[in-house]
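In what follows, a single structure is set out as structure tokens and then discussed.
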Amino acid sequence: MAKYIFITGGVVSGLGKGITGSSLGVLLKNSGLKVFMQKFDPYLNIDPGTMNPIEHGEVYVTVDGGETDLDLGHYERFIDENLSKVSSWSAGRIYSEALNKERKGGYLGKTVQVIPHITDLIKEKIYKAEEKSKADIIISEIGGTVGDIESQPFIEAIRQVRMEKGKNNVMFIHVALLPYLKVSGEYKTKPIQHSVKEMLSLGIQPDIIVARTESSIKDRLKSKISLFCNIPISNVIVCPDSDSIYKVPLVLKETKMHEIVAKHLDLKIKELRLEGWEKFNQDIIESKEKIKVHIVGKYVELSDAYLSVMESLKIAGYEFHKKIEFVWVNSRFLNKDNIDSELEGAKGILVPGGFGEEGVEGKILAANFARTKDIPYLGICLGMQVACIEFARNVLGLSEAHSTEINPTTNNKIFDLMEGKDRENIGGTLRLGEYQADLKPGSLANKLYNSNIAIERHRHRYEFNNDFIKQFEDNGMIFSGKYLEKNLVEIVEIPNHKFFIASQYHPEFTSRPIKPNPLFKGFVKAIIDNK
Ligand code: GLN
């Protein structure tokens with residue numbers, strides 16, 4: 001039977017519950033346990049797939065095509081396990097399941113209520129993670145902050161899980177802010193006390209409190225938290241702000257959090273080995289020299305919209321002991337008149353994914369700039385589509401070249417909908433998740449992956465129109481990756497260029513510390529070499 005750890009947040013959001021949970025996951029995994037993670041989000045959207053990236057941040061995609069919260073990306077990068085659709089549940093997804101069941105008469109005429117029907121469904125999803133993953137430990141993060149109206153059914157459900165599974169099998173970790181008051185020069189424990197009081201009123205006594213602070217604190221404060229929050233002082237863990245999220249597993253290792261958890265849950269663990277993480281952190285420390293990457297996107301107001309792209313670049317940079325400096329260029333405002341000044345001195349240009357018409361012409365200009373000025377280029381999804389459209393317009397002379405996403409009536413449909421997809425139904429109808437690309441022998445893609453195949457994750461609707469392949473090839477573009485079963489273009493590249501490669505899939509979802517995705521690694525290397 002699996003053991004369960006539930007992570008809740010107190011006082012304010014944005015404290016890094018996800019990083020805390022993932023870091024604990026790293027410790028437990030490297031103590032010999034099989035770890036799986038889950039996130040419950042209290043919002044009513046079915047999934048983040050249709051949410052605005054500027055508001056919500058990136059949509060992370062799992063191997064089985066789940067469109068999830070960006071925290072899942074942190075989980076996967078940290079614990080290095082593939083998660084799945086059972087890892088990501090919004091209140092909307094749970095409620096919609098309950099309401100569909102009700103419409104079908106599945107509740108046999110009973111009054112459908114938050115307790116027990118919604119809470120039962122939440123518990124079912126928690127137990128399903130155990131069944132699917134066969135993990136020793138399931139770490140589940142409850143989004144939001146304790147006390148929010150929306151998160152109450154989740155808190156009630158995890159209270160019931162503890163009752164059903166017993167104290168030795170379930171653990172509650174509360175991550176809460178310990179604020180520092182500059183005026184009086186002291187830390188204040190009162191907000192934590194209040195948030196624990198709130199939890200107690202919901203029937204939950206936290207087993208561990210992770211106090212999120214600006215810096216380390218005196219033991220006297222830990223005793224105060226221990227006394228007022230009714231937990232042993234050993235279980236008050238202080239986690240100060242860190243200059244890199246990847247340092248947190250090392251910080252928590254020092255607190256022996258994994259041992260506290262193992263003791264509470266009666267788990268036999270092996271000696272913790274974190275050599276890989278220690279080396280990775282050493283690489284980060286040694287990454288002093290900066291290199292610039294220009295990212296031409298349309299959601300640049302919120303860098304979280306490109307979180308996995310940024311982490312993938314950083315990780316690739318650390319491999320070469322370089323620190324990546326992001327230069328954000330808003331494609332909505334990029335035009336013929338300002339492109340030279342906006343991209344002046346660019347050593348590498350990355351065009352990430354995106355949806356809709358806005359900013360597309362700016363991205364096409366950026367792809368043209370990179371191609372014609374021999375600047376390393378990495379195009380991702382829409383970034384691959386604009387590279388092809390640019391090539392069609394300016395090399396093949398197809399002036400109307402476009403994707404039917406943006407111009408449905410163009411005479412040069414370079415990208416078009418696959419059969420069976422429609423434009424109206426936008427939720428959950430993309431080509432999602434993992435597919436295999438066969439890589440052309442001798443191509444750049446093949447060299448970078450050092451393999452004849454690449455298995456990567458997708459999230460798009462429009463596909464390259466194969467009617468144009470010959471014309472593109474005759475003029476120098478190489479189609480180096482294809483999903484053979486459906487004959488879909490996955491990777492394009494241009495030889496006789498410092499580095500020009502673009503993929504229909506999203507390579508950013510598979511970069512892991514010490515294991516950067518090959519496209520990112522190649523791109524960063526090309527920037528370093530582009531003196
Ligand atoms: N909008 C494009 C499509 O749906 C690209 C999607 C993306 O960049 N993720 O095909």
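Just so you know, residue 1 is the first one in the sequence shown, and it goes up from there. Worth saying up front: this structure is predicted, and the values here are computed from it rather than measured. Just follow the structure's listing: the first ligand is 1, and inside any ligand the first atom is 1.
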Requested in this report: Provide the number and element of each atom of ligand 1 under 4.0 Å from a heavy atom of C381.
Outcome: 5 (C), 6 (C), 7 (C), 8 (O), 9 (N)
Report summary line: ligand 1 to G353, heavy atom cutoff 4.0 Å, flagged ligand atoms 8 (O)
With distance as the sole criterion, is a donor-acceptor pair present between the side chains of [X] and [Y] under 3.5 Å?
X: T510; Y: N517; result: yes
X: S308; Y: E58; result: yes
X: E390; Y: N368; result: yes
X: Y4; Y: E130; result: yes
X: E405; Y: H402; result: no

Query raised in the report: Any nitrogen or oxygen of G354, main chain or side chain, under 3.5 Å from a nitrogen or oxygen of ligand 1?
Result: yes
Report task. Please write down residue, atom name and distance for the protein heavy atom closest to atom 10 (O) of ligand 1. Result -> Y462 N, 2.8 Å
Requested in this report: Around atom 9 (N) of ligand 1, find the nearest protein heavy atom and jot down its residue, atom name and distance.
Outcome: R459 O, 2.8 Å
Query raised in the report: With respect to atom 2 (C) of ligand 1, which of E357, E405, Q504, H458 exhibits the smallest heavy-atom separation?
Result: E405
**Report entry** contact_flag H506 ligand 1 heavy-atom lt 4.0 Å
**Finding:** yes
Report summary line: Checking heavy atoms under 4.0 Å, the part of R461 that sits near ligand 1 is both
Report task. Classify the ring geometry between H56 and Y43 as parallel (under 30°), tilted (30 to 60°) or perpendicular (over 60°). Result -> perpendicular
